[in-house]
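Here the structure is laid out as structure tokens; the discussion comes afterwards.
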2 protein chains.
Amino acid sequence: MYQQVARVRHDEGMSKQPKYRQVADALRREIDNGTYAPGARLPSESELSARFDASRNTVRSGLNLLVTEGLISSSQGLGYEVRSHEVFVLNASRFENLDLPQNGDAYSTDVTAAGRRPHQTFRVELTTAPEYVAERLKVEAGDTAVLRFCHRFVDDVPWSTQATHYPEWLVTKGPRLTEPGDIAEGTTRYLASLGIEQIGYFDEIATRMPTPEEARLLEIGAGVPVLLWTRTGFSDERPIRCTITTFRGDLNRMNYEIGELSARSENEPQ
Amino acid sequence: MYQQVARVRHDEGMSKQPKYRQVADALRREIDNGTYAPGARLPSESELSARFDASRNTVRSGLNLLVTEGLISSSQGLGYEVRSHEVFVLNASRFENLDLPQNGDAYSTDVTAAGRRPHQTFRVELTTAPEYVAERLKVEAGDTAVLRFCHRFVDDVPWSTQATHYPEWLVTKGPRLTEPGDIAEGTTRYLASLGIEQIGYFDEIATRMPTPEEARLLEIGAGVPVLLWTRTGFSDERPIRCTITTFRGDLNRMNYEIGELSARSENEPQ
DNA sequence: TTGCTCAACTTGTTGGTACAAGCTGATGCA
DNA sequence: TGCATCAGCTTGTACCAACAAGTTGAGCAA
């Protein structure tokens with residue numbers, strides 16, 4: 001029916017690579033060198049099938065590799081599109097600066113400063129602390145806590161989700177724990193209203209592939225990892241909040257400044 | 001030959017999900033709840049094919065989803081194995097502490113302290129600075145630079161690669177730029193020998209899917225993202241080195257401490 | 001016992017087919 | 001003109017078949 005042997009013979013070391021990888025490599029090269037620019041559509045499967053002299057299944061395997069790598073995305077009826085990725089940089093050591101508390105929401109400020117349009121939805125609820133959060137807040141897993149969940153967009157593109165847990169002892173300090181509006185304005189402001197000062201953060205950064213739920217919220221297909229940022233905030237006595245932010249990995253980068261940066265470092269590399 | 005219609009009819013809203021997703025979801029659930037523990041082998045494709053009453057191709061599509069999510073890996077002749085992921089935590093704000101320069105290689109120290117066995121290979125060469133690095137070192141792209149490339153293992157598992165670029169002006173300060181051995185011992189020590197002190201860092205963190213080359217070096221299959229850590233070190237005058245570390249995303253996590261952490265925070269959540 | 005071969009498993013690759021389902025523009029009716 | 005329909009494109013899902021190639025263990029030969 002088909003014979004692989006004869007073909008491999010004359011391939012002369014240039015590629016023992018299987019055909020579907022050759023397809024992926026060729027297309028990846030063309031995406032890299034700009035033959036297919038971000039936003040552009042790739043030729044259809046049947047066209048590629050003809051070009052590479054491969055079956056539709058084989059071409060699909062190759063395209064699937066590129067989807068997995070996050071280079072392209074597909075939609076039924078439309079075709080394959082080259083993904084664009086303008087990254088948004090978050091300076092985590094300056095963010096919510098300890099000395100200069102932001103007047104308002106730090107996220108909105110940052111996005112607006114970058115000339116882009118922020119948009120976010122809130123949800124505040126009473127819940128129990130999951131184990132991961134409880135460890136960090138130094139409470140028992142299952143203890144009640146207040147969760148402030150936040151879904152953020154930049155120019156109407158889903159950007160990140162943020163879940164902040166406050167321990168029970170903290171929210172009962174305030175007179176109005178049943179009013180979600182208090183927390184909605186932002187963590188720093190809320191804590192200030194309770195007379196609590198954050199004096200330090202413990203940040204943890206990890207990456208992994210999104211869960212199906214995350215993929216849905218952030219509208220990312222297979223092949224785009226998420227960047228997980230867990231920030232535990234401390235008062236002079238104990239942890240006062242734990243914020244887990246889930247970023248689209250292809251659209252975000254984080255920065256930290258440590259120690260002194262020389263004078264000329266003001267204009268950081270973009 | 002086969003008819004999808006009849007089956008969908010009686011599925012009763014419980015799942016409009018395509019069959020290959022049902023396979024993936026079922027297996028994912030069983031991996032999560034421990035039916036298949038890390039390191040365990042999944043049933044073979046043909047067994048799963050019988051269990052789910054699906055063709056081998058359909059089962060493969062489902063398994064491929066889990067590979068993409070990084071939950072399992074496959075090897076020809078062996079089968080599918082549930083991946084284990086013990087994460088290794090790197091405290092980036094304490095790492096190469098500015099006040100207390102490490103006596104020796106910081107990586108080896110950290111890994112040994114965690115009760116695991118470090119192993120690394122070096123390569124030092126004279127090269128030109130790629131654009132990304134040149135921007136950070138404030139030199140022209142294409143300028144000569146010294147590259148120290150480092151391939152690191154923990155318990156013989158590939159862990160990370162590290163590429164440190166030093167600008168030309170710096171290496172010519174030392175009398176012996178042709179001796180690769182000097183840099184091999186580590187950045188901090190090398191800089192000290194040149195009488196240069198690092199007073200600050202600029203760290204950038206990003207994530208993405210690995211390039212084929214990275215996947216080869218780190219021995220990660222599709223579905224495992226990499227964590228990119230770029231550290232630019234500064235003297236009191238200017239950037240003196242740029243280190244790009246590529247971690248396996250499934251095995252590493254980074255920490256930063258900012259400001260003051262309360263007394264009880266010494267025992268950080270693992 | 002040792003060591004080799006080989007059968008019988010495993011996944012990997014590639015081809016084929018058929019139909020479902022989403023999108024778009026042309027066509028034609030009101 | 002306006003709108004509904006539909007043909008013809010696209011990708012998505014599902015099946016089948018065949019052979020390549022890696023791994024393992026049984027079993028035979030030295």
Side-chain angles (χ1 to χ4, degrees), chain A residues 1-9 11 15-25 27 36 40-68 71-83 215 221-223, chain B residues 1-9 11 15-25 27 36 40-68 71-83 212 215 219 221-223:
Chain A
M1 187 169 291
Y2 79 100
Q3 66 286 42
Q4 178 71 0
V5 186
R7 197 181 305 107
V8 166
R9 243 1 50 206
D11 258 350
S15 73
K16 305 174 294 277
Q17 289 273 312
K19 199 185 270 189
Y20 78 102
R21 282 193 181 277
Q22 296 178 28
V23 172
D25 290 344
L27 292 176
Y36 299 111
R41 249 194 61 194
L42 291 187
S44 73
E45 290 176 353
S46 55
E47 286 177 280
L48 293 172
S49 178
R51 169 179 161 192
F52 289 106
D53 187 30
S55 76
R56 187 180 159 222
N57 275 345
T58 302
V59 168
R60 278 178 66 83
S61 294
L63 288 167
N64 191 52
L65 263 191
L66 300 184
V67 171
T68 291
L71 264 72
I72 62 177
S73 63
S74 69
S75 30
Q76 196 169 347
L78 279 176
Y80 290 83
E81 183 174 318
V82 180
R83 298 185 70 116
Chain B
M1 186 169 289
Y2 79 99
Q3 65 288 39
Q4 178 71 1
V5 186
R7 197 179 305 107
V8 165
R9 241 3 50 205
D11 258 350
S15 74
K16 306 172 294 277
Q17 288 275 312
K19 197 185 271 191
Y20 78 101
R21 282 193 181 277
Q22 296 180 27
V23 172
D25 291 343
L27 292 175
Y36 300 110
R41 248 193 64 195
L42 290 188
S44 73
E45 290 176 353
S46 55
E47 287 178 280
L48 293 173
S49 178
R51 169 179 163 193
F52 290 105
D53 186 29
S55 75
R56 188 181 156 221
N57 275 345
T58 302
V59 168
R60 279 178 65 82
S61 293
L63 288 167
N64 191 53
L65 263 191
L66 299 184
V67 171
T68 291
L71 263 72
I72 62 177
S73 64
S74 69
S75 29
Q76 196 167 348
L78 280 176
Y80 290 82
E81 183 174 318
V82 180
R83 298 186 70 118
E219 287 179 21

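Just so we're on the same page: letters track the sequence lines, and every chain starts at 1.
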For DNA chain D, the residues among residues 42-51 of chain A that have a non-hydrogen atom under 4.0 Å from it: Ser44(A), Glu45(A), Ser46(A)
Using side-chain heavy atoms (C-beta onward) and a distance below 4.5 Å, is Leu27(B) in contact with Ile72(B)? no
Which residues share a side chain to side chain donor-acceptor pair (under 3.5 Å) with Ser75(A), sequence neighbours left out: none
Ser74(B) side-chain proximity, nearest of dT13(C), dG16(C), dT11(C): dT11(C)
Please tell me which of Asn57(B) and Arg21(B) maps to the more 5' nucleotide of DNA chain D, matching each residue to the nucleotide holding its nearest heavy atom. Arg21(B)
Just the rounded figure in Å: distance from P of dT13(D) to CG of Asn64(A). 10 Å
Length of the line joining Phe52(A):CZ and dT13(C):P, which is rounded to integer Å: 17 Å
Arg60(A) side chain near dG12(D) phosphate (N/O to OP1/OP2, under 4.0 Å): yes
Residue Tyr80(B), side-chain heavy atoms: nucleotide from dT10(C), dG12(C), dT10(D) that is nearest: dG12(C)
Side chains of Leu42(A) and Val82(A): closer than 4.5 Å at any heavy-atom pair? yes
Ala24(B) and Gly62(B): which non-hydrogen atoms are nearest, and at how many Å? CB-O, 3.6 Å
Nearest-nucleotide check on DNA chain C, Ser75(B) vs Thr58(A); residue mapping nearer the 5' end is Ser75(B)
With a 4.5 Å limit on heavy-atom distance, are the side chains of Asn57(B) and Asn57(A) in contact? no
Rounded to whole Å, please give me the gap between CG in Asp53(B) and P in dA14(D). 12 Å
Does Tyr20(B) place a side-chain N or O at less than 4.0 Å from the phosphate oxygens OP1/OP2 of dC15(D)? no
Under 4.0 Å protein heavy-atom contact, by nucleotide of nucleotides 21-27 of chain C - B base, S sugar-phosphate only: BBSS---
If I take atom CZ from residue Arg56(A) and atom OG from residue Ser49(A), how far apart are they, to the nearest 0.5 angstrom? 9.0 Å
Check if the side chain of Arg56(A) and the base of dG12(D) share a donor-acceptor pair of N or O atoms closer than 3.5 Å. yes
